[in-house]
> 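Mind having a look at this structure? Questions to follow.
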Amino acid sequence: MNELQLFLQIEGVRRIEVIKLSADATAELLLHEARRLGLAAEEVLIFVDGRDEPVALDIVLREIGVGHHHHVHAHRCRSIEVTVHFNATTKKRAFTPHATVAQVKAWFVHAIEMPPLDAGEHVLQLTGTQDRPETDLHLGTLAQHPHCAIDFTLVPKKRVEG
Amino acid sequence: MSVAQTVLPDERRFRGDLESGAYLLGAALRRWRLLRIGWPHALIAVSAAPRPNAPAEFVLRFDLTGYPQAAPTARLWDDATNTELPENRWPAGTRVSCVFRPRAQWPKPCLYLPCDRMSAEGHTDWPQQYAGEIWKPDSTIAHYLNQVSELLMSSDYTGLCHA
C-alpha cells in the first residue's frame, strides 16, 4: 500500500482527523499535520499505537509498525494524570495522551471489580459537569499543557425517557 | 445521455461528513457501513452484538433533509422488502427498548433519541436533560450512529423483541 490513512488526534481538540501520508512518511510529517490543524506550540510529542513513549521525529512510521488506520496523537504532555471517582472510591493513574476514554473506563471498572454487566451501564463524565466525552477520544483531546490531568466520575448511562 | 444534477448543500455536507474522522473510524471498526444514498435518504447498517437468532446488524433509513442544520431522523428498515422493519424484528433490552419503542407506546416513525429530529420535537427539556446527546448544527452523522452503536453493542441489548 503506497498510502497510509491514519486517525490523528491532537492536544485539546475533540475531533478525530483523517490524514493521508505516503508509506515512507516520518513522524515529523505528523508534527506538520498537527501544526496545520492548529497545534502551533513548540516541543510537541508524537505518540503512535502500541508505544507508550513518544517517538523520534526522524523515525519512519512504517518501520515501527504504524499501519493503515492506526491511531496517532500529538501533545505536549508526556503523560496525563487521571483521577476517577465512583461513590466513595477514588483511584488515580497516569496514562499516555493517546490512551482513550474507553481504556480509562476499562482500567477503572477492573480496579474496583465492578461486574461487566454493571460496567456496561456506566460511563465516564468529566467531574463537575454533564460532559460525557466520546469513548474513542484520546485523553489528550481533553487536557491542555501545562495542566496534564483529567478528573472523571463514573456515572450511570441515561435512559431516554419522557 | 448524461443528466446534469445539482447536489444540494445538505447532501454535499452529508457526503463530506462520510469522509470525516469520526465516521471513518466507526466504519474502520465495523460499527457501521453505508448501504446507499438516495437523497434525502440514506441506508446505513449498524452492527449489533451477537445474540441468539438475532441479526449481525440493523439497517437504519435516515431522512437527512436539511442536514446538518436540521437533525436526522431514522427508522429501522428491511432492505430486502424496502419497507419498515416489522416490530417483531426490532432490537430489545431495557435501555434499548426505550429507544426502539413499539408504536403502541410511541406513534412517530423514528428512534426515540434526543438526537433524532422527529423525536426531539416538543421535548423542550431535552437540550438540558441530554446536553451531550442532542443534535447540534455542528454535529455529524457519526454522532447519531455512535448512540445507536453503543446501544446495540451494550450488555443491555438482549436480542429481538419476539425472542
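Labels below follow one simple rule: chain letters A, B, ... track the order of the sequence lines, proteins then strands, and each chain is numbered from 1.
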> Which bit of B:Asp156 comes within less than 4.5 Å of chain A, counting heavy atoms only: side chain, backbone, both or neither?
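Interface part for B:Asp156: both.
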> Starting from B:Trp90, can I reach B:Leu152 by hopping between I/L/V/M/F/W/Y residues whose side chains sit under 4.5 Å apart?
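As far as the 4.5 Å side-chain criterion goes, B:Trp90 and B:Leu152 are connected within one cluster.
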> Taking atom CZ of A:Arg15 as the centre, does the number of heavy atoms from other residues, nucleotides or ligands within less than 6.0 Å exceed 12?
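No, the 6.0 Å shell around CZ holds no more than 12 heavy atoms from other groups.
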> Among B:Ser20, B:Gly132, B:Ala28, which has the most heavy-atom pairs under 4.5 Å with chain A?
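Option with the top pair count is B:Ala28.
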> List the atom of A:Val160, the atom of B:Trp126, and the distance in Å for their closest heavy-atom pair.
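Scanning both residues completely, I find the closest heavy atoms to be CG1-CZ2, 3.9 Å.
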> Let me check something: do A:Phe47 and A:Leu21 share a hydrophobic cluster, defined by ILVMFWY side-chain heavy atoms less than 4.5 Å apart, either directly or through other members?
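Looking at the clustering, A:Leu21 is in a separate group from A:Phe47.
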> If hydrophobic clusters are built by linking Ile, Leu, Val, Met, Phe, Trp and Tyr wherever their side-chain heavy atoms come under 4.5 Å apart, do A:Val13 and A:Leu45 end up in the same one?
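Shared cluster, no.
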> Only pairs of heavy atoms separated by less than 4.5 Å count here; which of B:Asn146, B:Leu113, B:Asp125, B:Val99 has the most with chain A?
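Counting heavy-atom pairs under 4.5 Å, the top option is B:Asn146.
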> At under 4.5 Å between heavy atoms, what parts of residues 134-159 of chain A are in contact with chain B? List them by residue number.
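Within residues 134-159 of chain A, the residues that come under 4.5 Å of chain B (heavy atoms only) are A:Glu134, A:Asp136, A:Lys157, A:Lys158, A:Arg159.
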> Please classify the contact of B:Glu150 with chain A as side chain, backbone, both or neither, using a heavy-atom distance under 4.5 Å.
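Side chain only.
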> Where do B:Ser155 and A:Gly120 come nearest, in terms of heavy atoms and distance?
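Smallest interatomic distance, heavy atoms only, reads OG-CA, 4.1 Å.
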> Would you mind telling me which of A:Leu117, A:Ile19, A:Leu8 has the largest number of heavy-atom pairs within less than 4.5 Å of chain B?
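Of the options given, most contacts go to A:Leu117.
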> Around atom CZ of B:Arg30, are there more than 12 heavy atoms from other residues, nucleotides or ligands closer than 6.0 Å?
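It does not: B:Arg30 CZ has 12 such atoms or fewer within range.
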> Hydrophobic cluster membership, with links at side-chain heavy-atom distances under 4.5 Å among I/L/V/M/F/W/Y: are B:Met118 and B:Leu60 in one?
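No; tracing contacts between hydrophobic side chains, which count when under 4.5 Å, never links both residues.
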> More than 12 heavy atoms of other residues, nucleotides or ligands under 6.0 Å from CD of B:Gln105: is that the case?
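Count over threshold, so yes.
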> Of the listed residues (A:Glu17, A:Glu121, A:Arg132), which shares the most heavy-atom pairs with chain B below a 4.5 Å separation?
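Option with the greatest count: A:Glu121.
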> Among the options B:Arg31, B:Met153, B:His143, B:Gln129, pick out the one with the most heavy-atom pairs lying under 4.5 Å from chain A.
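Counting heavy-atom pairs under 4.5 Å, the top option is B:Arg31.
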> So, do B:Gln128 and A:Gln130 sit near enough that their side-chain heavy atoms are less than 4.5 Å apart?
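In short, these two side chains do not touch, never coming nearer than 4.5 Å.
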> Honestly curious: do B:Leu43 and B:Leu18 fall in one hydrophobic cluster under the side-chain, below-4.5 Å linking rule?
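As far as the 4.5 Å side-chain criterion goes, B:Leu18 and B:Leu43 are not connected within one cluster.
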> With rounding to the nearest 0.5 angstrom, report the CG to NE2 distance, B:Leu29 to A:His69.
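Rounded to the nearest 0.5 Å, the CG-NE2 separation comes out at 9.0 Å.
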> Is the number of heavy atoms from other residues, nucleotides or ligands within 6.0 Å of NE2 (A:His110) greater than 12?
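For A:His110, atom NE2 is not crowded (no more than 12 foreign heavy atoms under 6.0 Å).
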